[in-house]
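This report concerns only the one structure given below.
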Protein chains: 4
Amino acid sequence: MTATLRADAARNRDRLLATARLMVAAGDLSLQLNDVARRAGMGVGTVYRHFPTRRALVEALADDAFTALLDDARAASRHDDAWAGVELLLRALLTRQLAEPTFAEIISTGPDLDAGPGTTAHREEFGRLARTVLGRARQGGELRPGLTDEDLHHLVCGIVFALRIGAEPDGRVERYLQVLLDGIRAGR
Amino acid sequence: MTATLRADAARNRDRLLATARLMVAAGDLSLQLNDVARRAGMGVGTVYRHFPTRRALVEALADDAFTALLDDARAASRHDDAWAGVELLLRALLTRQLAEPTFAEIISTGPDLDAGPGTTAHREEFGRLARTVLGRARQGGELRPGLTDEDLHHLVCGIVFALRIGAEPDGRVERYLQVLLDGIRAGR
Amino acid sequence: MTATLRADAARNRDRLLATARLMVAAGDLSLQLNDVARRAGMGVGTVYRHFPTRRALVEALADDAFTALLDDARAASRHDDAWAGVELLLRALLTRQLAEPTFAEIISTGPDLDAGPGTTAHREEFGRLARTVLGRARQGGELRPGLTDEDLHHLVCGIVFALRIGAEPDGRVERYLQVLLDGIRAGR
Amino acid sequence: MTATLRADAARNRDRLLATARLMVAAGDLSLQLNDVARRAGMGVGTVYRHFPTRRALVEALADDAFTALLDDARAASRHDDAWAGVELLLRALLTRQLAEPTFAEIISTGPDLDAGPGTTAHREEFGRLARTVLGRARQGGELRPGLTDEDLHHLVCGIVFALRIGAEPDGRVERYLQVLLDGIRAGR
DNA sequence: AATGAATGAGGTTTCATTCAT
DNA sequence: GATGAATGAAACCTCATTCAT
């Protein structure tokens, strides 16, 4: 009984997430809960039960991307070459945002703001991994002095923003990323 | 006669702009027209007469900054040293946005979107000046190859975005700007 | 479950229609939706949910009258005497409009104009029935030649208009109707 | 001095009337004073000075038609044949309204309603003339008994309304007028 | 747990009229 | 007399959220 209900609920949740993902993919980042409900063919109440807030829905949508980023970051932290690690880390932070706009919304926001526990945990874990990766590069003198971990985080988010403006031709991603990497590399 | 009347209208317009500026300074970028009216102590109709649209108000607020930027850009285009010109240009584009968030909103948006004629003219003029400045640097081989004028425009807007995230301590502006300048400079 | 809920919604809809009918009866044909909401003691949103447009409300109000007219027209089309059928038809078209001003509004308007599907269907059905009734009279040579179905429709609406002007004493309805009937009858 | 001013004022008044006539001819019967002012290239205040009310403007626009109708009515009253007089009168009442929609608005309204003195005088004069014309026909037994002067007035306005509905092909005016004339003629 | 109708605050917009200049 | 900016009530409509069923 309860089991069946839970299965139903889980199915609903999945359907909601799928619908929301479609909307985001279609360029609708507003994710108004009424809207999501209608397109998912459910009552608004159901949506509010699963995601009491737009933010909660966004975090749920972003979760996979965040998890994937953590994997990337772990790989980066295990890389032999410190600078290669930095490059892997930043590239991952960049491309995960590009692939999932809701994740960009979450990650380019300060840590506070009524985030769910999962998001907060993810964020902290990412902070730790980034510290590792960037710390190695700093110790090796490969990272331009004066740049904090937050600086790099923000700069990558800035690149994401830059890429969102205007059309999306050619190799902008790679081009902008190289600009950033060259800009943050120590020395000359 | 008409002059005096217009003086009144101009005074109202100025008061509206001042009120709106206060709101922006207080962090309220939404600039809802009825809100502006209430805070300025005027009837809604008056606001709508002067600024039929939020966009119109934003453009009016941004106009001074845009004009100032054009001056900066002209100065940059006259600078003896090509690279110094680039630096002046980008620094101006950055700091004018930081000083006036409404200007950032206008300038980080594509050229189309129902912009007023003044804004469009400004934008075109800026495009010309930027072409001059960046063209010189390109010819001198000082600019990283492959970067278009638009790329640089977008990258600066990205830096603005990066700076808006999180608190605003220390010399972040200078730091990020240097990262950008180093990243876009040609060669080694 | 859903049934009960819908019962509620239906009750609200009915209350709205009743309120609107009172307003019309009181001579207020403007039927502004916020007004209706206030008088019905409901939120505006509720009204807009049921009737997204003044037009939708008017059509709903007119619907009963329209249905009744169709019954009348069917009866007229089955009458043995062709001319009696014409008289029944026109009298019904006249009196239904007098009884329900919103119906007069709908029926005296061209067929196009964003009408709901119900209204359009009614209108078409009425057109068919009228064609039958008037066709019989024409074939029997009882209808003044040269008058189209539309002419008669318009003339009846004109009589409605004539009756709306000035006070409403005596037997004006009957008097004007007889003028019309004599005017459209063939021959001498 | 005052003379010059008056000349100016008169010119303004004429320009306003001309503008309003254009608007009416273009199908805009709303005649919002703001609108008229803008199109006439004058301040609203000027319009309000000349025509304190939409109604005042409408009456001014209708005045010529009303005067012309009085001439027609006088001619009708002098006609040898009583019934021909009736026909002239009603035809004039009909066609003057068709030619000048503002006149239709005035004449199809009850006599009271804050009408200006000119309009009231016109209306009374028309009433007298109509009484003469129709009285003669009644005495000759040519007018269907039971029809009052007001009835005929209203019926003609009804025909105007009927003609306004739908497109305007062929000889609708003549057709509807004949229906009316046959309908109101006495006997069989 | 699911539903979706109801809510109503609050935004945008129009317009007839006034009144300072 | 002429001007037209100012007014603000009031219409219109949307939307996030609640809650009865």
Side-chain angles (χ1 to χ4, degrees), chain A residues 1-2 4-13 30-38 40-50 52-54, chain B residues 1-13 16 30-38 40-50 52-54, chain C residues 1-13 16 30 32-35 37-38 40-50 52-54, chain D residues 1-2 4-13 30-35 37-38 41-50 52-54:
Chain A
M1 283 247 147
T2 337
T4 324
L5 282 177
R6 279 185 186 154
D8 269 25
R11 214 172 308 133
N12 271 332
R13 200 188 122 100
S30 67
L31 287 179
Q32 301 178 150
L33 297 192
N34 260 314
D35 243 19
V36 180
R38 189 166 36 71
M42 297 182 202
V44 225
T46 310
V47 178
Y48 271 83
R49 163 171 301 271
H50 286 290
T53 225
R54 187 194 100 97
Chain B
M1 291 223 166
T2 339
T4 330
L5 197 65
R6 281 187 187 149
D8 257 34
R11 209 174 310 132
N12 266 326
R13 197 188 126 102
L16 280 174
S30 67
L31 288 179
Q32 301 175 147
L33 296 192
N34 59 340
D35 227 18
V36 179
R38 192 168 34 71
M42 294 182 202
V44 227
T46 309
V47 178
Y48 275 85
R49 165 176 288 266
H50 287 288
T53 257
R54 190 196 97 101
Chain C
M1 289 217 164
T2 338
T4 329
L5 199 65
R6 280 185 188 153
D8 259 34
R11 209 174 310 133
N12 268 325
R13 198 189 125 102
L16 280 174
S30 68
Q32 300 174 143
L33 295 193
N34 59 342
D35 226 19
R38 191 168 35 71
M42 293 181 203
V44 227
T46 309
V47 178
Y48 274 86
R49 164 178 290 267
H50 286 288
T53 258
R54 191 197 96 101
Chain D
M1 284 246 150
T2 338
T4 323
L5 282 176
R6 280 189 187 154
D8 268 26
R11 212 173 309 132
N12 270 334
R13 201 188 120 99
S30 68
L31 287 180
Q32 302 180 146
L33 297 192
N34 260 312
D35 244 20
R38 189 167 36 70
M42 297 180 201
V44 224
T46 310
V47 179
Y48 270 83
R49 161 170 304 271
H50 287 291
T53 223
R54 188 195 99 99

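As the structure is a prediction and not an experimental result, all values here were calculated from the model. Letters A, B, ... are given to chains in the order of the sequence lines, protein chains preceding strands, and every chain is numbered from 1. Computed from heavy atoms alone, side chains included, the values below leave out hydrogens, waters and symmetry copies.
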* Asked: Partner of E:dT18 by Watson-Crick or G-U wobble geometry, both contacts under 3.5 Å, or none?
  -> F:dA5

* **Protein-nucleotide distance (B:D35, atom CG; E:dA9, atom P), rounded to Å** => 17 Å

* Within the structure, does a side-chain N or O atom of B:N34 lie under 4.0 Å from either OP1 or OP2 of E:dG11? -> yes

* For the residue pair C:T46 and C:L16, what are the closest heavy atoms and their distance? -> O-CD1, 4.5 Å

* When you match C:V47 and B:R54 each to their closest nucleotide on DNA chain E, which lands nearer the 5' end? -> C:V47

* Rounded to the nearest angstrom, tell me the gap between atom CG in D:L31 and atom P in E:dC15. => 14 Å

* Structure fact -> Scanning both residues in full, the closest heavy-atom pair of C:R54 with C:L33 reads N-CD1, 3.9 Å

* Output the single nucleotide from F:dA16, F:dA5, E:dA6 whose closest atom is nearest the side chain of A:Q32. => F:dA16

* Whole angstrom value for the distance that separates C1' of F:dA16 from CZ of A:R38 -> 14 Å

* To do: Could you tell me the separation between the CG atom of D:D8 and the CG atom of D:N12, rounded to the nearest 0.5 Å?
  => 6.5 Å

* Asked: In terms of the nearest nucleotide of DNA chain E, which residue is placed more toward the 5' end: B:T53 or C:G45?
  -> C:G45

* Asked: Taking any strand in view, what nucleotide pairs with E:dA1 in a Watson-Crick or G-U wobble way, both distances under 3.5 Å?
  -> none

* To do: Would you indicate which nucleotide in E:dA9, F:dA2, F:dA5 comes nearest to any side-chain atom of D:V44?
  => F:dA5

* Asked: Within less than 4.0 Å of OP1 or OP2 of E:dA6, is there a side-chain N or O belonging to C:N12?
  -> yes

* Structure fact -> Judged by nearest nucleotide, the residue sitting upstream toward the 5' end of DNA chain F, B:G41 or D:H50, is D:H50

* So what does D:L33 touch, heavy atoms closer than 4.0 Å: a base, only the sugar-phosphate, or nothing? -> nothing

* **Nearest-Å distance for atom pair CZ/C1', residues C:R49 and E:dT3** => 11 Å

* Asked: Does the side chain of B:T46 get closer than 4.0 angstrom to OP1 or OP2 of F:dT7 through an N or O atom?
  -> yes

* To do: Would you kindly give the CG-to-C1' distance between B:L16 and F:dT7, to the nearest whole Å?
  => 13 Å

* Structure fact -> Separation between CG (B:N34) and CZ (B:R38), nearest 0.5 Å, reads 7.0 Å

* Residue closer to the 5' end of DNA chain F, B:M42 versus C:Y48 (nearest nucleotide) -> B:M42

* At what distance, to the nearest 0.5 angstrom, does CE of B:M42 lie from NE2 of B:H50? -> 7.0 Å

